[in-house]
Amino acid sequence: MRPEPPPLPALTRSEGELVDCYLEVVDLLGRVNPSRGTDTYGALRAAQALVGRALALREALTVMHLRGETELHHATLGRALRVLDGERRSSLAVVAPEPEPPSR
C-alpha cells in the first residue's frame, strides 16, 4: 500500500493553473523527446498538443501578471510540483543517459 502523499500547498487559482499547465507541457515534451521516443506518430501528436498547452501556460502567467501576482513563490510552487510527481515527469524531458556498455 502506497503512503498518502503530502497535501498540496495552498495556491491561488492562477498558481494552480500555472502548475497544471507547466506539468502538461513537461509531459508533452517528454513524449516528443527523441532520445526516449520510439515512434514519430506519437511524437507528432504530442508536438501538436504542445502548441495549445504552451498557449494555456502563457495565459496562466498573463492572468497572474494582470492580477498583480508579480512574484513566483518558488518554494511553494516547487512543493506543489514535487507532490504532483514533477521531478519524475520533468526528467522525461531531458536527454536520456547513454546506455552502459555490456559487461564481459
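Note that the numbering runs from 1 along the sequence shown for the chain.
- Follow the hydrophobic side-chain contacts under 4.5 Å out from L55 and you never reach V63; the two are in separate clusters.
- With rounding to the nearest 0.5 Å, the separation of CZ in R58 from SG in C21 is 12.0 Å.
- The hydrophobic cluster around V95 extends to none of the other residues, as no ILVMFWY side-chain heavy atom falls under 4.5 Å of it.
- Partners of E17 by salt bridge (charged side-chain N to carboxylate O under 4.0 Å, His left out), not counting sequence neighbours: none found.
- Within the structure, side-chain hydrogen bond (donor to acceptor under 3.5 Å, both in side chains) pairs that include any residue of residues 40-50 do not occur (at least two apart or interchain).
- For the atom pair NE2 of H65 and OG of S14, the computed distance is 12.5 Å after rounding to the nearest 0.5 Å.
- Residues L92 and N33 have side chains not in contact (no heavy-atom distance under 4.5 Å, counting atoms from C-beta outward).
- Screening residues 61-74 for salt bridge (charged side-chain N to carboxylate O under 4.0 Å, His left out) gives no qualifying pairs among residues at least two apart or on separate chains.
- Taking 4.5 Å as the limit, some side-chain heavy atom of Y22 sits within range of a side-chain heavy atom of L81.
- Interatomic distance, CG of D20 versus CG of L84, reported as 7.0 Å (0.5 Å rounding).
- V94 meets the side chain to side chain contact (heavy atoms under 4.5 Å, CB included) test with R36; sequence neighbours excluded.
- M64 contributes atom CE, which lies 5.5 Å from atom CG of L72 (distance to the nearest 0.5 angstrom).
- Grouping the Ile, Leu, Val, Met, Phe, Trp and Tyr side chains by contacts below 4.5 angstrom, directly or via other members, places V25 apart from V32.
- Atom CG of L23 sits about 11.0 Å away from atom CG of L28, to the nearest 0.5 Å.
- Residues forming a salt bridge (charged side-chain N to carboxylate O under 4.0 Å, His left out) with R53 (at least two apart in sequence, or on another chain): E24.
- A single hydrophobic cluster is seen to contain both L61 and L77, as judged by linkage of ILVMFWY side chains at heavy-atom distances under 4.5 Å, directly or through other members.
- Not counting sequence neighbours, the partners of R89 by the salt bridge (charged side-chain N to carboxylate O under 4.0 Å, His left out) test are D27.
- For T76, the side chain to side chain contact (heavy atoms under 4.5 Å, CB included) partners at least two apart in sequence or on another chain are P9, L11, H73, R79.
- Within the model, atoms CG of L44 and CG of L50 stand 11.5 Å from one another, a figure rounded to the nearest 0.5 Å.
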